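What you see is a predicted model; the values in this text were computed from it and never measured. First listed ligand is number 1; within each ligand, the first listed atom is number 1.
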Amino acid sequence: MDFDPMTDRHPFLDGQPKRMLIGGQWVPALSGKTFETRNPANGDLLALVPEAGPEDIDRAVAAARAAFEGPWRRFKPDERQAVMLRFADLLERHWDELAWLDTLDMGAPIRHTRGSQRHLIGLMRYYAGQATALYGQTAETSMNGEMFAATLKEPVGVVGSIIPWNGPLWACVFKTAPVLATGCTLVLKPAEDAPLTPLRFAELALEAGLPPGVINVVTGHGRVAGAALAAHPGVDKVSFTGSVGTGQEIVRASAGNLKRVSLELGGKSPHILFDDADVEAAATAAAYGVFANAGQICTAGTRVFVQRRIHDQVVERMAQIGASLRVGPGTHSDSDIGPLVSARQMERVLGYVGSAHEEGARLVCGGTRLDDPVRAAGNFVAPTVFADVADPMRIAREEIFGPVASVMPFDTLDEVVQRANDSPFGLGAGVWTRDIGRAHAIARRLQSGSVWVNCYNQMDPSMPFGGVKLSGYGRESGLQQLDEYLHVKGLWIQHG
Ligand code: NAI
Ligand code: MG
């Protein structure tokens with residue numbers, strides 16, 4: 001689709017209130033209530049979307065259950081695979097339109113939302129391949145007599161997925177592909193700040209030929225619709241991506257029926273630069289590791305540990321990059337960084353900047369809201385680098401989710417391992433060194449779900465992704481994710 005945001009209205013934004021998808025029907029909330037979603041670059045109202053209540057969650061879960069017990073269960077693995085491949089083709093054909101919707105609703109530059117196409121379409125096709133590759137095992141038991149013992153893999157059932165706003169299209173694909181591959185069904189609850197892409201995504205799922213009720217999308221507030229989904233006795237598993245506090249609420253809410261839970265939560269990822277590294281490449285990666293998506297990435301490498309000999313050089317280079325990045329509306333093709341998703345998020349980030357000043361960190365670049373005439377109506381914050389950050393400062397401990405880097409010098413490997421691990425989180429970690437022995441040694445000692453050496457934030461459908469400690473549990477992507485959506489049944493048959 002050739003869509004020019006300056007002259008064209010996005011085809012999905014027709015001025016009508018949006019409806020949500022339950023059991024193959026596009027419906028308003030039973031209460032009739034709606035809420036607004038806006039463009040964070042200029043405050044424009046994009047659409048009204050249904051504000052679901054617990055009663056809407058009830059009917060969505062019932063629809064997902066009916067699909068799970070009914071038509072979807074009769075789909076053979078190769079039929080699930082075929083519908084997933086059709087879905088992937090449709091997503092590919094409509095990618096531009098979907099990317100624009102993400103950009104309008106949550107702010108990321110169009111180059112970036114478009115840029116995830118290869119990975120995300122690849123992920124859908126990867127799991128389509130897995131649909132016909134699921135199998136259990138047979139066991140040689142020590143029983144007397146003739147015993148056939150085997151494991152069967154069975155879909156867990158109805159999955160509730162609660163997703164954040166920092167990459168809606170990304171989250172849609174990540175939460176949908178393993179559900180479809182394993183034969184589960186889904187109730188998806190988008191974030192309040194960016195509910196539009198999931199609705200369009202679901203239209204394409206129906207067009208691909210998924211039976212009604214396999215994917216349901218229910219828009220609403222976290223504390224109402226999200227909480228009802230997490231607590232629902234008819235939901236067998238919840239997959240959540242978002243903040244630690246909400247993740248903890250979800251675990252508590254899951255206790256009623258002991259549903260399975262997987263959590264992809266926040267981080268305060270260390271990015272460690274040794275002085276034998278390619279300094280230019282390392283400093284550039286460290287800067288983009290924080291500033292990409294305006295810092296609204298769970299793996300943002302916000303604690304930049306730099307070995308003392310190259311510390312000043314890296315600080316200077318990161319500040320140069322920060323100052324040179326073009327911060328503007330995501331709809332402008334030359335923007336490197338868009339706005340933060342909401343005024344609330346911007347206030348939160350500026351609050352952390354204030355705390356850094358109070359605690360004595362040294363501001364090297366940025367540190368302000370950009371409120372010139374072009375950007376005043378949006379939530380734009382300049383890429384920010386603080387040096388002289390001490391480990392106990394709030395900006396070095398808490399997830400900011402904004403473009404704010406904390407740079408800290410270190411001397412030895414043992415010291416930096418200890419400091420990097422001294423965090424409640426454990427999501428990602430970056431290491432730059434030309435010493436391969438050191439790379440191997442430190443990779444094993446860092447407490448995190450992923451370690452990237454001489455690169456950062458790499459992802460591929462073949463590789464698992466997730467966290468340890470307060471960054472959550474469970475894995476997404478890779479073969480490992482399938483087991484999150486499957487039960488293992490032990491089958492015993494005495495014969496002979
Ligand atoms: P949040 O975790 O509250 O929201 C994420 C999703 O959870 C949304 O769909 C929301 O509606 C839902 N939700 C909220 N309360 C719920 C509840 N009680 N039960 C069930 N679902 C609920 O995050 P929020 O408030 O949007 O952002 C706050 C901070 O969280 C950010 O500044 C960032 O630090 C962190 N965050 C981390 C993300 C990550 O990818 N790791 C993504 C989004 C936020
Ligand atoms: Mg929005």
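- Salt bridge status for Glu476 with Lys175: present, with a side-chain N to carboxylate O gap under 4.0 Å.
- Taking every heavy atom of Glu192 and a limit of under 4.0 angstrom, the matching atoms of ligand 1 come to 8 (C), 10 (C), 11 (O).
- Contacts between Arg344 and ligand 1, counted as non-hydrogen atom pairs separated by less than 4.0 Å, involve the side chain only.
- Which of Trp165, Phe240, Phe425 comes nearest to atom 5 (C) of ligand 1 through a heavy atom is settled by distance: it is Phe240.
- With salt bridges taken as basic N to acidic carboxylate O contacts below 4.0 Å, one links Glu97 and Arg200.
- Not one N or O of Cys298 is nearer than 3.5 Å to an N or O of ligand 1, by distance alone.
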Please tabulate, one pair per line, all N/O donor-acceptor pairs under 3.5 Å involving side-chain atoms of residues 342-349, not counting sequence neighbours.
{"from": "Ser342", "atom 1": "OG", "to": "Gln345", "atom 2": "N", "distance (Å)": "3.0"}
{"from": "Gln345", "atom 1": "NE2", "to": "Phe401", "atom 2": "O", "distance (Å)": "3.2"}
{"from": "Arg348", "atom 1": "NH2", "to": "Glu399", "atom 2": "O", "distance (Å)": "2.9"}

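- Using a 3.5 Å distance cut-off with no hydrogens or angles, the side chains of Thr113 and Thr103 do pair a donor with an acceptor.
- Considering only non-hydrogen protein atoms, atom 15 (N) of ligand 1 sits nearest to Thr246 CG2, 3.6 Å.
- Looking at Leu265 against ligand 1, only its backbone comes within 4.0 Å, counting heavy atoms.
- Checking His232 against Asp58 by side-chain atom types alone, a donor-acceptor pair falls below 3.5 Å.
- With sequence neighbours excluded, the residues that form a ring-ring contact (aromatic ring centres under 6.0 Å, His included) with Phe87 are Phe201.
- When only non-hydrogen protein atoms are considered, atom 13 (N) of ligand 1 lies nearest to Gly222 CA, 3.3 Å.
- Of the charged side-chain nitrogens involved, at least one lies within less than 4.0 Å of a carboxylate oxygen, so that Arg114 and Asp96 count as a salt-bridged pair.
- Taking all atoms of both residues into account, the shortest heavy-atom contact from Met408 to Ala396 is SD-CB, 4.3 Å.
- A heavy-atom separation below 4.0 Å is found between Gly266 and ligand 1.
- For the Mg ion (ligand 2), the tally of protein N/O/S atoms lying closer than 2.8 Å stands at 5.
- Nearest protein heavy-atom neighbour of atom 44 (C) of ligand 1: Phe401 CE2, 3.9 Å.
- Residues Asp372 and Arg375 are paired through a salt bridge, judged by an N-O separation under 4.0 Å between the basic side chain and the carboxylate.
- Each of the following atoms of ligand 1 lies closer than 4.0 Å to a heavy atom of Arg348: 32 (O), 34 (O).
- For Gly220, the closest heavy-atom approach to ligand 1 does not fall below 4.0 Å.
- A donor-acceptor contact closer than 3.5 angstrom is absent between the side chains of His332 and Arg326.
- Contacts with ligand 1 closer than 4.0 Å are made by side-chain heavy atoms of Gln345 only, the backbone lying farther away.
- Protein heavy atom nearest atom 12 (C) of ligand 1, with residue, atom name and distance: Ile162 CG2, 3.6 Å.
- Near Pro164, meaning under 4.0 Å from one of its heavy atoms, ligand 1 places the atoms 42 (C), 43 (C).
- Interface of Thr241 with ligand 1, defined as ligand atoms under 4.0 Å from a residue heavy atom, comprises 40 (O).
- For atom 40 (O) of ligand 1, a protein heavy-atom neighbour is found at a distance under 4.0 Å.
- Counting atoms of ligand 1 from 1 in the listed order, those under 4.0 Å from a heavy atom of Gly226 are 19 (N), 20 (C), 21 (N).
- No option in Ile121, Leu120, Leu98 other than Leu120 meets the side chain to side chain contact (heavy atoms under 4.5 Å, CB included) test with Val173.
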Show which side-chain atoms of residues 355-367 pair as donor or acceptor with protein atoms under 3.5 Å away, not counting sequence neighbours.
{"from": "Ser355", "atom 1": "OG", "to": "Tyr352", "atom 2": "O", "distance (Å)": "2.9"}
{"from": "Glu359", "atom 1": "OE1", "to": "Arg394", "atom 2": "N", "distance (Å)": "2.9"}
{"from": "Arg362", "atom 1": "NE", "to": "Asp388", "atom 2": "OD2", "distance (Å)": "2.9"}

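- Residue contacts with ligand 1: Ser243 is placed with a nitrogen or oxygen under 3.5 Å of a nitrogen or oxygen of the ligand (distance criterion only).
- Atoms of ligand 1 found under 4.0 Å from any heavy atom of Ala227, numbered from 1 in the order shown, are 19 (N), 20 (C).
- Atoms of ligand 1 found under 4.0 Å from any heavy atom of Asn166 (numbered from 1 in listed order, with element): 40 (O), 42 (C).
- If you look at Pro190 next to ligand 1, the close heavy atoms, those under 4.0 Å, all belong to the backbone.
- No side-chain donor-acceptor contact under 3.5 Å links Thr219 and Lys18.
- Under a 4.0 Å criterion applied to the non-hydrogen atoms of Glu399, ligand 1 contributes the atoms 33 (C), 34 (O), 35 (C), 37 (C).
- In this structure, the ring of Phe305 has its center no less than 6.0 angstrom from the ring center of His271.
- Under 4.0 Å from ligand 1, the heavy atoms of Ile163 that appear belong solely to its backbone.
- Salt bridge annotation for Asp236-Arg65: present, with a cationic side-chain nitrogen under 4.0 angstrom from a carboxylate oxygen.
- Using a 4.0 Å cut-off between charged side-chain N and carboxylate O, Arg111 and Asp334 make no salt bridge.
- Between Trp170 and Phe174, the angle of the ring planes stays under 30°, which puts this pair in the parallel group of the 30/60° scheme.
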